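Heavy-atom basis, side chains included; hydrogens, waters and symmetry copies ignored. Nothing fancy with the numbering, it's 1 onward along the sequence. Quick caveat: nothing in here was measured; it's all calculated off a predicted structure.
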Amino acid sequence: MKRILFLLAALWIAVPSFATMQMTERLIVGRDTLSMLACPLEYADSTMRMRLDERLKEADVPVNTACWRGYVGCWRLEKGQLWLERVYTCTDIPLFTAEELFPEWAEGGRVRASWFSGEICYGRGEVICYGRRAIFEEEWAATVEAGKVGPTRHFRNRAYKQGVDLQENHLRLCEAFDRLGPTDSLPPFLSFSVHFAADSTGRPVRILKSTLFLARDSILTDPSDPLVQRARRAFMESTRWDACWVHGAWQESYYFLPLRRNGAPWKSRGNTR
């Protein structure tokens with residue numbers, strides 16, 4: 001694993017931690033249709049899951065990178081209960097009703113999601129930022145136990161556009177790191193992995209975890225190590241990021257940032273400084 005991570009540094013790229021955002025499910029609450037970020041059908045028992053997979057195969061449903069599951073479920077939250085009503089393709093074509101899919105469990109044309117226990121989050125309005133998922137300006141969250149929905153928590157999320165682009169942050173970090181100490185004794189290859197949160201000013205407010213990669217099998221994770229402290233200080237003092245206030249806390253981010261290559265400060269192809 002350490003070898004794989006170091007090979008990433010050898011590519012000399014700055015990598016933010018994200019993947020293709022997946023399409024949300026639909027959730028009807030009263031008269032509103034909201035975006036639900038949970039996928040309860042993915043937790044269905046083997047009998048129900050086999051039925052769904054067979055029907056999707058029969059319908060020859062296309063799959064794309066924004067909807068790997070191959071469908072979008074339409075759900076309803078009513079009187080503290082989560083119900084499945086219909087299943088669509090990822091291109092919004094109706095596939096089948098819940099009653100057609102699971103007739104033996106249907107109640108009035110819909111199916112109670114009694115197989116599902118977990119967290120649901122649903123939202124509406126503008127997507128203000130992305131992390132591991134899309135973040136909506138207004139969201140609700142609740143715990144579900146065997147299809148029964150517990151007390152719902154309401155959140156107002158907000159985005160703060162106070163940062164600079166990734167390449168500029170990367171350049172600032174490299175320059176600040178070199179200014180904060182001697183460079184002749186530094187390892188020839190050096191990269192910094194950081195898990196952090198920034199606030200409304202764009203400044204990092206806390207680093208939750210950081211790692212320095214020095215060689216194939218040499219890494220530093222101890223925050224008290226002088227070289228790690230130097231990288232953390234450079235990161236905190238020099239970088240500025242767009243930030244999101246999400247569910248009462250600053251959104252966390254992850255980046256992998258090369259610092260030095262062949263004993264010299266790292267420079268991207270577009271950097272002429």
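A distance-only check finds a donor-acceptor pair linking the side chain of S238 to the backbone of A234 [under 3.5 Å]. No donor-acceptor distance shorter than 3.5 angstrom exists from the side chain of E126 to the backbone of F136, with no hydrogens or angles considered. Looking only at distances, no side-chain donor or acceptor of W241 sits under 3.5 Å from a matching main-chain atom of A197.
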Exercise for the section: Could you please spell out the steps behind the side-chain contact (heavy atoms from CB on, under 4.5 Å) verdict for L186 and D178? Expected result: CA-CA 10 Å; L186 290 175; D178 280 6; 4.2 Å; yes
Practice task
Walk me through it: do R110 and E99 pass the test side-chain contact (heavy atoms from CB on, under 4.5 Å)?
Solution key: CA-CA 6 Å; R110 58 189 183 178; E99 184 175 29; over 6 Å; no
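Annotation: cation-pi geometry satisfied between R69 and Y71 (NZ/CZ under 6.0 angstrom from ring centroid, within 45° of ring axis). F96 does not carry R86 over the face of its six-membered ring by the limits of under 6.0 Å from the centre and within 45° of the normal. Annotation: cation-pi geometry not satisfied between R158 and W245 (NZ/CZ under 6.0 angstrom from ring centroid, within 45° of ring axis).
Proximity of V72 to T24: side-chain heavy atoms (C-beta onward) are nowhere separated by under 4.5 Å. Contact of the Y160 side chain with the C244 side chain is not registered, since no non-hydrogen atoms from C-beta on lie closer than 4.5 Å.
Residue-environment remark: CZ (R240) exceeds the threshold of 12 foreign heavy atoms within 6.0 Å.
Residues forming a salt bridge (charged side-chain N to carboxylate O under 4.0 Å, His left out) with E139 (at least two apart in sequence, or on another chain): R133. Residues satisfying the side-chain contact (heavy atoms from CB on, under 4.5 Å) criterion with R233, sequence neighbours excluded, are L180, E237.
When each of L41, I120, I28, V111 is checked for a side chain to side chain contact (heavy atoms under 4.5 Å, CB included) with W75, only L41 meets the rule.
Counting only N and O atoms by type, the side chains of T201 and Q162 include no donor and acceptor under 3.5 Å apart.
Using cut-offs of 30° and 60° on the angle between ring planes, the pair H247 and F155 is parallel.
Within the 6.0 Å centre-distance limit, the rings of F256 and F213 are counted as a close aromatic pair.
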